[in-house]
2 protein chains.
Amino acid sequence: MSLSNSEEQLMQILWKQKQAFMKDLIEAYPDPKPAPTTVATLLKRMQDKQFVDYKQQGRSRKYFPLVKKTDYFAKHVNGLIKNFFNDSASQFASFFTETTDLSKEELEELKDLIDRQIKNK
Amino acid sequence: MSLSNSEEQLMQILWKQKQAFMKDLIEAYPDPKPAPTTVATLLKRMQDKQFVDYKQQGRSRKYFPLVKKTDYFAKHVNGLIKNFFNDSASQFASFFTETTDLSKEELEELKDLIDRQIKNK
DNA sequence: GAATCAATTCTACAAATGTAGAAGTAAATT
DNA sequence: AATTTACTTCTACATTTGTAGAATTGATTC
């Protein structure tokens, strides 16, 4: 089960805050902010999908993510790779470097990073 | 307007075939294949969204993509980058190389590719 | 030319998603 | 204690998505 768009948006906020009460979440929305009930519905659905949980903190709930942003993200990227590049990550990688336009510096940085990875193998 | 999941699946088939009649599309589906009417509905919705068009070819229609797979894909990736990495492609890149596991060969290949890109700047 | 085939259009309907009102509860404030 | 605040639950409803039957049409085969 994966997150819908508006759930994902909320998840972004939660990831950023690490943990938050309703109020904090709503505040973090850009205007026009959704109704509290809307956020509540989303949170409940996200609980059902096992993406968030909460701890009762006094009278209200402190919500927190159950999945790490990077894990969630990795799954996404892998999905994309599977879909668009017949499961070839390297094909994806080359596509990526060609398409997104990185500056020379960024490319150098990336190269170093890859170098380090190579040495790690 | 973007494609829904099942629309995207169909789009994948169409991209692969470059152009196709209903029959070809349905054949390309893994079992259980959808009803022709299902595919027809999807195709019409995709037309509305301007992702496909067709040429009347004799009695039936030859469908073809209006958007290139790479363009579509680039938009996706950029969306992801925006969402997950505050718009920093390089941050994404380093995340990517760390997370997806490329073989040593693939990494070497990628490095060369980046090298060529650097020389191009 | 009757029956079949391939494709299309129209219509429909269940499930998922986006959004929020109404009503309830518990704590904080006046 | 009455009111307000913060939050939650229940319910609801419009829109989008996934899926496909019924009916129609034009071409094809028997």
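Small disclaimer: the values here were computed from a predicted structure and weren't measured.
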Any idea which of [options] is nearest the [X] side chain?
X       : options               : answer
A/Ala40 : D/dT9, D/dT17, C/dA7  : D/dT9
B/Ser6  : D/dG18, C/dC10, C/dA7 : D/dG18
A/Arg61 : D/dT9, D/dT19, C/dT9  : D/dT9
A/Met22 : C/dT8, D/dT17, D/dT8  : D/dT8

With a non-hydrogen cut-off below 4.0 angstrom, is [X] in contact with a base, only sugar-phosphate, or nothing?
X       : answer
B/Lys62 : nothing
A/Arg45 : base
B/Thr37 : base
B/Tyr63 : sugar-phosphate
B/Ala35 : sugar-phosphate
A/Lys49 : sugar-phosphate

Figure out the [atom1]/[atom2] separation between [X] and [N], and round it to whole Å.
X       : N      : atom1 : atom2 : value
B/Gln9  : D/dG18 : CD    : P     : 10 Å
A/Lys33 : C/dA20 : NZ    : C1'   : 17 Å
B/Lys23 : C/dT4  : NZ    : C1'   : 14 Å
B/Lys44 : C/dT8  : NZ    : C1'   : 8 Å

How about NZ on B/Lys33, more than 12 heavy atoms from neighbouring residues, nucleotides or ligands closer than 6.0 Å, or not? yes
Just by distance, no angles: are the side chains of B/Tyr54 and B/Gln19 close enough, under 3.5 Å, to form a donor-acceptor pair? no
Could you check whether B/Glu8 and B/Tyr72, counting side-chain N and O atoms only, form a donor-acceptor pair closer than 3.5 Å? yes
Under the 3.5 Å rule, do the base of D/dG18 and the side chain of B/Thr38 count as making a donor-acceptor pair? no
Check whether the side chain of A/Thr41 and the base of C/dA20 form a donor-acceptor pair under 3.5 Å. yes
Is it true that a side-chain atom of B/Lys49 and a backbone atom of B/Ser2 form a donor plus acceptor pair closer than 3.5 Å? yes
